[in-house]
Amino acid sequence: MATPHENYASTVTITKRVSVYPKASHPHRILNLSNLDRQCPLLVYLVFFYKPSHAYANLSLNSVFSGLKSGLEETLSIWYPAAGRLNLNPNDGKLNLWCNNEGAVLVEAVTQIKISELGDLSQYNEFFENLVYKPVFNGNFSAMPLVVAQVTKFGCGGYSVGIGASHSLFDGPATFDFLCAWACNSAIMKEKGSHELQKPVHDRGLLVQVGNCNAQKSSITRAAAIDHLYQLIQQTLADHHQNLAIDHGWFGDRNPSYLLKTFHVSGTMIENLKRKVLGEKRSSSFSSCSSFELLSAHLWKVRTKALGVRKERMVCLQFAVDTRNKMVPSLPKGFSGNAYVLASVLIRAGELEVASHEAIIEKIKQAKNSVNGDYVRAYMEALNGPQANLPPLSELTLVSDWTRMPFHKVDFLQGYAAYACPLVSPIPQVAYFMQNPIDVRGIDVRIGLPPQALDAFSHYFLMNLL
């Protein structure tokens, strides 16, 4: 991991900051959010790096900024909720989205640092925090922009585009679609509108109805992820005999003690692990074993071992499942809200240690297949209750699959980004599975770990992959 120089921060200079409004304004309206949208209203940041190229060696920062601004104006005309603000409903205290054309924020900056000085771009570097614009947040959501961006020109002629978007606005696939639309509309060094874009559907419709359906509470289906999390919290309470803080919501404080580390798992490594796990006798039921299922099972076993969780403790793997095609009827194509729920597997640490990867993969498959319309309904109903700050639980392993969202292919400039690096997330211990820009069959695993567990995790994680 590249070690940031102490004077890096002082070398990034902001030269311009503007509000960006939709090219075509929409009538003001309140867009009702679902319970899924309300879980994390904070901004989540991603930085795109574009290394210097002869193609834009003579391209001025002003022209790049102007192209991004005009493209964002056009994109906000279609993705108009992104120009709005969150609004607290005084009747029920819940956040909704006020589509009021208040606009996004775009910042221009320069630095004499060269991108090559940052080392491996897949490894988080504190300097990256200077490549995004962070609006002051005083607790008033109605004053906070939902989309912010900063374009920075490096001393080598390369660029970064750092973007923050409220998680209440978009989930991962919707964020990807929004950024692709923005890049397409910006037309920097390429033909404008050169790609066919999916028209977004902003109304939360079915998910709002499901979340408000108190009169039809499910007595049969329960959301395993909610039940399992409750069990882990009760387990922790029994140990410490103390109440959990409940005043900050699920998104809570960012834990600065976690170290972010990215492990590149090549396509060859994945095949090696699959051979070791399944051997030569791959049954038909495992012929479709996905890389996600395989790596999730491996990571869960490794993380639990590296953190030294006692064998009698209950441990849990939870992973995000897209409900777009799980509902009846399905969510509309182009749905732009949050559509992910958590699936969950719960066993004792001792059982996990001795269980084969194959057995864990089967449990992951079962958990994934359990997510249907009834599960989503039960999950949404559970979110109607009071929320608590999620404590750092070594017994809880969280995984989010980004491999279907190739963010590095968002071409704000000519060609793909060298890397698209997420910054510290609201829950830093989550493991993200991301596409690698060079190895198309490989997966980059980005995870936050306590410093004392990093070496053990690295050893156990890579041991069966090499």
Side-chain angles (χ1 to χ4, degrees), residues 34-36 39 171-174 206-207 209-211 213 216-232 270 273-274 277-278 281-301 303-304 314-333 335 337-348 351-352 355-383 395-405 430-433 443 445:
S34 75
N35 289 339
L36 295 179
Q39 293 309 290
D171 65 5
L206 182 61
L207 288 178
Q209 294 173 25
V210 168
C213 192
Q216 301 178 4
K217 284 186 179 293
S218 171
S219 59
I220 301 174
T221 301
R222 295 184 62 86
I226 304 297
D227 289 346
H228 292 169
L229 184 58
Y230 177 78
Q231 290 182 55
L232 292 187
I270 293 173
L273 180 59
K274 192 171 290 190
V277 168
L278 305 178
K281 52 179 181 57
R282 299 188 191 184
S283 62
S284 59
S285 63
F286 279 88
S287 60
S288 61
C289 169
S290 69
S291 297
F292 170 81
E293 293 160 353
L294 181 70
L295 279 182
S296 294
H298 183 60
L299 182 139
W300 187 21
K301 288 172 69 71
R303 180 180 178 276
T304 302
M314 300 302 298
V315 292
C316 184
L317 169 70
Q318 296 195 346
F319 54 93
V321 176
D322 192 348
T323 67
R324 283 171 170 78
N325 295 317
K326 301 286 187 179
M327 306 291 291
V328 179
S330 299
L331 295 177
K333 193 172 183 181
F335 177 77
N338 284 271
Y340 279 79
V341 300
L342 292 173
S344 186
V345 181
L346 182 77
I347 60 175
R348 293 196 181 277
E351 297 176 58
L352 178 63
S356 66
H357 281 69
E358 188 171 352
I360 302 304
I361 290 169
E362 183 59 36
K363 289 182 180 295
I364 291 172
K365 285 178 174 288
Q366 291 171 359
K368 185 187 298 184
N369 292 334
S370 72
V371 177
N372 54 24
D374 288 339
Y375 185 99
V376 175
R377 183 174 294 105
Y379 193 97
M380 299 283 281
E381 287 170 356
L383 295 181
E395 296 88 354
L396 177 62
T397 299
L398 294 163
V399 179
S400 183
D401 185 8
W402 285 19
T403 57
R404 290 182 174 85
M405 297 167 278
V430 175
Y432 293 96
F433 293 0
I443 294 176
V445 178

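FYI, side chains are in, hydrogens and waters are out, and symmetry mates aren't considered; it's all heavy atoms of this structure.
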Ignoring hydrogens and angles, tell me if any N or O in the side chain of [X] forms a donor-acceptor pair with the backbone of [Y] under 3.5 Å.
| X | Y | result |
| --- | --- | --- |
| Arg303 | Leu396 | yes |
| Gln39 | Asn35 | yes |
| Ser290 | Glu293 | yes |
| Arg324 | Phe335 | yes |
| Thr323 | Ala339 | yes |

State, to 0.1 Å, how close [X] and [Y] come at their nearest heavy-atom pair, and which atoms those are.
| X | Y | result |
| --- | --- | --- |
| Val399 | Phe292 | CG1-CE1, 3.5 Å |
| Arg377 | Asp374 | NH1-OD1, 3.0 Å |
| Gly337 | Ala174 | O-CB, 4.5 Å |
| Lys301 | Ala355 | NZ-O, 2.7 Å |
| Tyr375 | Ser370 | CB-O, 3.5 Å |
| Ala367 | Ser344 | CB-O, 3.5 Å |

Heavy-atom check, side chain of [X] versus side chain of [Y], under 4.5 Å:
| X | Y | value |
| --- | --- | --- |
| Arg404 | Pro173 | no |
| Val376 | Leu207 | yes |
| Asn338 | Tyr340 | no |
| Leu36 | Tyr379 | yes |
| Glu395 | Val315 | yes |
| Leu346 | Leu232 | yes |
| Leu352 | Trp300 | yes |

Rounded to the nearest 0.5 Å, how far apart are [atom1] of [X] and [atom2] of [Y]?
| X | Y | atom1 | atom2 | value |
| --- | --- | --- | --- | --- |
| Leu398 | Tyr432 | CG | OH | 9.0 Å |
| Asp322 | Lys368 | CG | NZ | 11.5 Å |
| Leu273 | His298 | CG | NE2 | 5.5 Å |
| Leu317 | Ser296 | CG | OG | 6.0 Å |
| Ile226 | Glu381 | CD1 | CD | 11.5 Å |
| Gln318 | His228 | CD | NE2 | 8.0 Å |

**Enclosure of Asn369 CG (heavy-atom neighbours >12, cutoff 6.0 Å)** = yes

**Fill in**
Per side-chain contact (heavy atoms from CB on, under 4.5 Å), Ile360 is matched among Ile347, Val277, Leu294 by Ile347

